[in-house]
Amino acid sequence: MKVLACYNIKGGVGKTTTAVNLAYLAAQEGARTLVWDLDPQAAASFYFRIEPKVKGGGRRLFGGKRRIINAIKGTDYERLDLLPADFSFRNLDLQLNRHKKPLRRLQKILKPLRASYDYVFLDCAPSISLVSENVFYAADALLVPTIPTTLSLRTLRQLVKFCAKRDLSELVLLPFFSMVDRRKGLHRLILEHPPKAATGVLGTYIPYASDIEKMGLRRAPLLAHTERSPSALAYQSLWHEIRKRLEGADR
Amino acid sequence: MTTPTNRFALDARLTAKRIMARINQMMPCAAEALRVSESTYYDSFDWRLFAAGKIFESRQVKGEPPTLHLRESGADDDGMVAPAAAPPRFAPDLPTGALRRMLAPLLGVRALLPVARARRRTTPLAILDQNKKTVARLLIVEEQTLSPGGRKRGKRKHELIVAPVRGYPKPARRLRTFCGKELGLEPLPEDPWSNVLADCGVTPGGYSSKLDLRLDPGARADSATKIVLWRLLEIMQANEDGMRRDLDSEFVHDFRVAVRRTRTALSQIKGVFPVARVNRFRAGFAWLQQITGPTRDMDVYLLKYDGYRRSIEPRLRPALQPLRDFIEARQRHEQRQLVHHLRSKRYQRLLADWKDFLAAAVPERTRLRNATRPVGDVADERIWRMYRRAIEEGSAIDDKSPPEALHELRKTCKKLRYLIEFFQCLYPEDDTAKILASLKRLQDNLGDFQDLQVQTHTLRQFSSEMQAAGRAGLETVVAMNALVETLATRQRAAQAEFQARFDKFSRPAVQKRFETLFRPDTKAAA
Ligand SMILES: Nc1ncnc2c1ncn2[C@@H]1O[C@H](COP(=O)(O)OP(=O)(O)OP(=O)(O)O)[C@@H](O)[C@H]1O
Ligand SMILES: [Mg+2]
């Protein structure tokens with residue numbers, strides 16, 4: 001089982017969109033896949049038309065009282081399941097702090113899923129908190145959608161530094177450019193002449209596209225409706241590149 | 001609580017349209033696209049996956065890439081998936097991944113063989129909630145069983161299947177009530193394969209190389225022996241076709257074990273059949289053992305090859321390849337010879353005569369010493385005597401004994417094991433299991449010792465043959481010498497360990513166990 005977290009300190013950069021579409025692709029390829037919607041705003045649950053509700057809320061889920069497998073819902077797509085968000089997730093830091101090893105709580109409760117899934121995608125809320133640190137320990141890789149602006153790259157550098165300071169050498173950081181608008185000079189400049197802060201950014205980028213934006217109307221992964229549009233192709237090649245990188249990291 | 005069934009036999013007159021109309025009155029639903037698929041069920045000849053509670057199939061859904069699926073039997077999910085069309089014959093050739101990791105140790109050296117096929121046309125009806133999210137599906141299925149070769153078997157069937165979506169138990173429950181109570185449909189077996197396998201006339205778990213006999217201790221020894229021999233004949237016959245077609249190496253192996261057991265029964269259960277007939281059959285089975293030997297030997301070298309390769313220094317490994325090619329060619333040759341023998345009149349006649357002999361009723365009166373005695377007594381006697389012989393032979397062995405002494409002991413131990421296995425059902429299961437386990441530890445050591453000796457000898461011979469035929473360059477010779485050296489070292493290690501293993505086997509506690517179980521005078525006194 002590989003745990004992939006879509007994470008960025010910044011909001012509105014394409015984390016949820018990425019989690020939903022890449023998870024869909026993984027399942028299509030035959031992998032048993034789970035999306036865990038950790039964001040109390042519940043965007044991922046919304047895309048799959050699933051009620052953002054977990055019986056007993058975060059407290060029971062993280063308390064170990066409720067086996068997390070029982071909270072999982074099947075999506076409309078083969079092999080693709082979702083662990084819905086719950087409004088109580090806004091207090092997750094408090095829930096986690098009750099436990100003995102608060103940093104490793106998420107990692108621990110994911111363990112029983114190992115036999116059931118090949119991939120788990122964590123869709124995280126923006127910010128840096130105890131929850132995100134849990135995510136760093138639980139994940140094999142962080143997928144970091146990054147808008148190609150100077151400020152976003154600064155945030156990315158902060159993240160890299162943060163991970164370097166902690167004992168997180170096993171964690172693979174996979175930043176990629178997201179919501180790329182080639183009409184914008186700055187986006188073009190950064191793409192064509194990547195600054196030092198952009199080292200390690202994946203080769204594939206996700207363009208700013210109206211069909212991605214419209215996913216909210218359809219309430220379904222983009223790839224479930226279009227396989228051939230430029231944005232669909234971009235997600236396919238992003239997934240391909242990520243898988244290659246993960247295989248490389250395994251060796 | 002029994003899990004309620006999700007599968008129902010459907011009356012062909014109930015069309016998708018009519019079912020949908022009925023469901024629409026209870027909850028919103030939508031038809032999804034028709035799925036046309038063909039699946040093939042695979043297992044090893046001896047049902048290793050079935051025995052492990054696993055179901056393995058290849059599936060081709062029209063318009064989608066082909067996949068392989070491995071799941072727990074009874075689970076309603078797809079289990080592990082791997083992208084591939086037909087699976088390869090052997091597990092190590094599967095695509096890397098979780099599925100292979102799970103399958104390979106279960107299958108071992110056995111081939112995956114197609115058992116049955118099913119062609120299905122599925123119309124899914126999605127049950128929707130207020131967000132138009134699918135919360136369950138009702139599958140209308142039309143199914144045709146096919147033989148592995150693609151011939152139609154049995155009638156076309158119509159089924160209605162409730163496919164729950166994880167986390168939404170209620171709508172699935174509602175659908176089950178609908179199918180069972182409201183439509184009044186007959187429930188079907190939970191596993192989609194059980195009807196298909198039945199159509200093909202196969203029973204999962206139908207073959208095992210275990211004897212698994214039931215004997216009556218008071219029965220006449222001659223009839224009981226015939227039961228044992230009949231079972232061994234069944235095993236030979238079951239393996240004959242796979243052996244002929246060389247599907248995997250276990251067919252010859254199981255066949256040969258059955259032959260060897262037959263020979264042991266003929267030679268060691270004395271005084272139950274007329275000597276002249278026994279001698280004729282003994283000669284016949286010795287011949288069978290001999291004609292199957294070379295193929296088995298080459299199979300063993302092929303199975304061991306990877307281990308051989310790993311046992312030498314990495315830099316020498318590539319040079320070992322000609323050895324593999326040589327063994328492969330030799331294996332093909334020996335296999336052809338074997339097939340030739342199996343087609344011979346001699347073989348046909350031997351098996352036919354043997355069958356006649358076993359099928360014939362035992363004579364009411366006979367002068368044969370053991371024929372009419374209770375089999376329990378005869379078994380005690382024969383096993384006890386063989387045990388004594390093993391102890392005598394083993395005790396006489398020391399550091400200076402020639403290898404032949406160990407070989408002799410190995411043969412005796414084999415006979416002892418076979419005798420115990422023939423009559424196992426006459427004794428308490430726990431006791432024989434313990435005895436066989438302690439015997440096995442000794443046998444493993446003796447087996448290693450002899451096998452390694454034979455291998456070093458044979459590999460040296462291969463090396464000179466290969467050189468003579470110009471098929472081994474200097475590097476190959478060096479690599480093979482290095483290999484022979486590691487085998488010789490292991491052989492010495494096996495020899496050094498013999499004493500300790502034998503001491504364990506001959507210790508008083510084990511002896512006591514043998515005595516209470518088998519020793520005739522002890523038992524008579526008790
Ligand atoms: N490549 C894109 N092109 C156009 N619109 C996009 C693209 N990616 C995301 N969007 C839109 O931008 C908004 C934010 O995207 P998304 O929800 O994926 O980001 P997020 O990082 O998960 O946000 P949050 O931090 O709020 O969870 C959404 O309305 C989404 O439809
Ligand atoms: Mg989000």
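Chain naming here is simple, since letters A, B, ... match the order of the sequence lines and numbering starts at 1 in each.
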Checklist entry - With a 6.0 Å cut-off on ring centres, are B:Tyr41 and B:Phe56 close enough? => result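 Ring centroids of B:Tyr41 and B:Phe56 are no less than 6.0 Å from each other.
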
For [Y], does its backbone N or O pair with a side-chain atom of [X] as donor and acceptor, under 3.5 Å?
X: A:Ser45; Y: A:Ala85; value: yes
X: A:His99; Y: A:Phe62; value: yes
X: A:Arg32; Y: A:Ala115; value: yes
X: B:Asp93; Y: B:Pro88; value: no

Next on the checklist: Looking at A:Trp239, I'd like to know if the NZ or CZ of A:Arg245 sits under 6.0 Å from its six-membered ring centre while staying within 45 degrees of the ring's axis.
Outcome noted: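 No cation-pi geometry.
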
Item to check | Ring-face cation contact, B:Tyr168 with A:Lys73, 6.0 Å cut, 45° max | outcome: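 Yes, a cation-pi geometry.
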
Checklist entry - Counting heavy-atom pairs under 4.5 Å to chain B, which of A:Leu82, A:Asp118, A:Asp76 comes out on top? => result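 Greatest number of close heavy-atom pairs with chain B: A:Asp76.
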
Next on the checklist: For the interface with chain B, which of A:Glu78, A:Glu29, A:Arg79 has the highest count of heavy-atom pairs at distances below 4.5 Å?
Outcome noted: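 Going by pairs under 4.5 Å, I would pick A:Glu78.
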
Item to check | Positions in residues 130-142 of chain B that reach chain A, provided some heavy atom is under 4.5 Å away | outcome: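 Against chain A, the residues of residues 130-142 of chain B that fall inside the cut-off (heavy atoms, under 4.5 Å) are B:Gln130, B:Asn131, B:Lys132, B:Lys133, B:Thr134, B:Arg137.
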
Item to check | Within residues 214-235 of chain A, residues adjacent to chain B where the heavy-atom gap is under 4.5 Å | outcome: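 Contacts with chain B: A:Arg219.
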
Checklist entry - Looking at A:Thr18, A:Thr16, A:Thr17, which hits side chain to side chain contact (heavy atoms under 4.5 Å, CB included) with A:Asp123? => result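 Answer after filtering A:Thr18, A:Thr16, A:Thr17: A:Thr16.
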
Examine whether an atom of [X] lies under 4.5 Å from a heavy atom of chain B, and if so say whether it belongs to the side chain, the backbone or both; otherwise answer neither.
X: A:Phe46; answer: neither
X: A:Glu51; answer: side chain
X: A:Asp81; answer: side chain

Item to check | Heavy atoms from other residues, nucleotides or ligands near CZ of B:Arg317 exceed 12 (cutoff 6.0 Å) | outcome: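 Atom CZ in B:Arg317 is crowded, with more than 12 foreign heavy atoms closer than 6.0 Å.
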
Next on the checklist: If the threshold is 4.0 Å, N to carboxylate O, is there a salt bridge linking B:Arg117 and B:Glu38?
Outcome noted: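 Here B:Arg117 pairs with B:Glu38 in a salt bridge, since their nearest N and O are under 4.0 Å apart.
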
Checklist entry - Hey, what's the ring geometry for A:Phe121 with A:Tyr119, parallel, tilted or perpendicular (30° and 60° as the breaks)? => result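 Answer is tilted, since the angle falls between 30° and 60°.
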
Item to check | Spacing of B:Leu68 atom CG and B:Tyr42 atom OH [to the nearest 0.5 Å] | outcome: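 Nearest 0.5 Å value for the CG-OH distance: 8.0 Å.
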
